[in-house]
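Atoms within a ligand are numbered from 1 in the order they appear, just like the ligands themselves. Both backbone and side-chain heavy atoms feed into the values below; hydrogens, waters and symmetry mates do not.
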Amino acid sequence: MNVTKAELIITAGNKEQFPQSQVKEVAFAGKYNVGKSSLINGLLNRKALARTSSQPGKTQTINFYNVQDTINFVDLPGYGYAKVSKTQRESWGKLIEGYLSDRNTLEQVVLLVDIRHAPSENDKIMYDWIAHYHKNVIVVATKADKIKRSQLNKHLSIIRKDLNLQPADKIIAFSATTKQGKDEIWNLLHEVIENDEQK
Ligand code: GTP
Ligand code: MG
């Protein structure tokens, strides 16, 4: 997609603030600091539309972005940061589950994992949650610039095995630095948009 328009719709701290729009949505989920906001910016050719930070747990709200009036990108708050309180963790869980469980417009979840590490328990729970709510999943292995190219397939197959991905599930290596994987991800997202147009 030639993205000429991308804007923040709302930063939602609770369900009541989710936009009413009927536009199909792609949500980006993953551990804190894994690169969700960087992936969104990379796909949209923007430097800082989605706020990124080296400070963990930066995004604590669900941020909705309008892309070309065609699709919404949804930046979910990162999980797994040890230093947040139990109360914060519970409110995170409620917010995400509220979003995943009854968002009819949610067509696609992009689950991000760091290509360097084996998936965490939380990553596995997130994958199972997505499957439980019958949402389509694409796994994106981020920070691909941090490993040698020769190691790429090895890392991808560890992630595939540990998350127990279905054979049909797609996994793509991405780097926000080199933009490796960007076209491949867009090709899959285009399928979501085109399916929508046929309905
Ligand atoms: P939260 O909102 O806290 O959950 O984090 P996030 O998943 O949105 O991560 P964010 O995009 O803010 O990136 C976290 C840090 O990782 C930043 O310092 C980014 O610059 C860095 N980063 C993200 N993607 C990449 C990548 O592909 N390669 C490298 N080298 N660094 C990356
Ligand atoms: Mg973020």
Side-chain angles (χ1 to χ4, degrees), residues 3 6-13 17-18 25-67 72-85 88-97 99-100 108-127 129-130 137-149 151-153 155-156 159 163 171-186 188-189:
V3 181
E7 61 194 14
L8 178 70
I9 304 170
I10 194 165
T11 288
Q17 294 174 322
F18 296 168
E25 288 178 348
V26 178
F28 297 81
K31 194 179 180 203
Y32 73 90
N33 219 33
V34 70
K36 297 173 293 299
S37 303
S38 300
L39 173 60
I40 291 176
N41 288 331
L43 291 172
L44 300 179
N45 303 320
R46 297 283 290 264
K47 281 216 167 65
L49 180 68
R51 299 248 329 258
T52 63
S53 168
S54 50
Q55 199 188 320
K58 186 77 195 168
T59 318
Q60 288 292 354
T61 48
I62 300 189
N63 300 341
F64 293 80
Y65 297 91
N66 166 6
V67 179
N72 288 346
F73 277 9
V74 182
D75 194 0
L76 298 174
Y79 49 75
Y81 187 47
K83 285 190 189 142
V84 301
S85 66
Q88 267 178 306
R89 232 188 329 267
E90 281 168 3
S91 80
W92 177 93
K94 246 176 83 185
L95 187 64
I96 302 261
E97 190 155 29
Y99 175 74
L100 284 180
Q108 178 75 62
V109 181
V110 179
L111 175 62
L112 288 80
V113 293
D114 189 317
I115 198 159
R116 296 169 292 179
H117 310 300
S120 66
E121 271 316 300
N122 283 324
D123 293 327
K124 293 178 196 173
I125 292 169
M126 194 70 209
Y127 176 79
W129 237 5
I130 297 165
V137 68
I138 300 169
V139 176
V140 168
T142 62
K143 311 195 183 184
D145 53 284
K146 301 261 197 187
I147 61 163
K148 292 201 191 102
R149 271 196 180 247
Q151 299 291 303
L152 202 93
N153 284 333
H155 286 254
L156 292 181
I159 295 167
L163 285 179
I171 176 164
I172 299 172
F174 175 76
S175 164
T177 314
T178 66
K179 302 295 183 294
Q180 167 194 349
K182 179 180 160 185
D183 293 345
E184 236 181 308
I185 298 170
W186 261 125
L188 294 175
L189 297 184

(request) Provide the number and element of each atom of ligand 1 under 4.0 Å from a heavy atom of G35. (result) 6 (P), 7 (O), 9 (O), 10 (P), 11 (O), 13 (O), 23 (C)
(message) I'd like the name of whichever of G80, A176, A50 reaches closest to atom 27 (O) of ligand 1 through any heavy atom.
(response) A176
(message) Could you check whether N63 and K36, counting side-chain N and O atoms only, form a donor-acceptor pair closer than 3.5 Å?
(response) no
(message) Show me which atoms of ligand 1 lie under 4.0 Å from any heavy atom of K146.
(response) 30 (N)
(message) I'd like to know if S175 contacts ligand 1, where contact means a heavy-atom distance under 4.0 Å to any ligand atom.
(response) yes
(message) Tell me whether T142 contacts the main-chain N or O of L112 through its side chain, where contact means a donor paired with an acceptor under 3.5 Å.
(response) no
(request) Confirm or rule out an N/O/S atom of Y32, from backbone or side chain, lying less than 2.8 Å from the Mg ion (ligand 2). (result) no
(request) Report yes if some N/O of A144 lies less than 3.5 Å from some N/O of ligand 1; otherwise report no. (result) no
(message) Can you tell me if K179 has over 12 outside heavy atoms packed within less than 6.0 Å of its NZ?
(response) yes
(request) Would you indicate whether K146, at its atom NZ, is surrounded by more than 12 heavy atoms from other residues, nucleotides or ligands within a distance under 6.0 Å? (result) no
(message) I'd like to know whether ligand 1 has T142 as a neighbour, heavy-atom separation below 4.0 Å.
(response) no
(message) Given K143, K31, K36, R51, identify the one with the heavy atom nearest to atom 25 (C) of ligand 1.
(response) K143
(request) Give a yes or no answer on whether the side chain of E97 reaches the backbone of G93 with a donor-acceptor pair at less than 3.5 Å. (result) no
(request) Give yes if a backbone or side-chain nitrogen or oxygen of Y32 is under 3.5 Å from a nitrogen or oxygen of ligand 1, and no if not. (result) no
(request) Between D145 and ligand 1, find which residue part has any heavy-atom pair under 4.0 Å and reply side chain, backbone, both or neither. (result) side chain
(request) May I ask you to decide if the ring planes of W92 and W129 are parallel, tilted or perpendicular, using 30° and 60° as cut-offs? (result) parallel
(request) Go through the structure and list residues passing side chain to side chain contact (heavy atoms under 4.5 Å, CB included) with T178, not counting sequence neighbours. (result) D145, S175, Q180
(request) Tell me yes or no: between the side chains of S120 and D123, is some donor less than 3.5 Å from an acceptor? (result) yes
(request) Report, in ascending order of atom number, the atoms of ligand 1 lying under 4.0 Å from any heavy atom of S38. (result) 10 (P), 11 (O), 13 (O), 19 (C), 23 (C), 24 (N)
(message) Below the 3.5 angstrom mark, is there an N/O of V34, backbone or side chain, next to an N/O of ligand 1?
(response) yes
(request) State the atoms of ligand 1, each with its element, that fall below the 4.0 Å cut-off from a heavy-atom position in G78. (result) 4 (O)
(request) Let me know which of L189, I171, V26 forms a side chain to side chain contact (heavy atoms under 4.5 Å, CB included) with I138. (result) L189
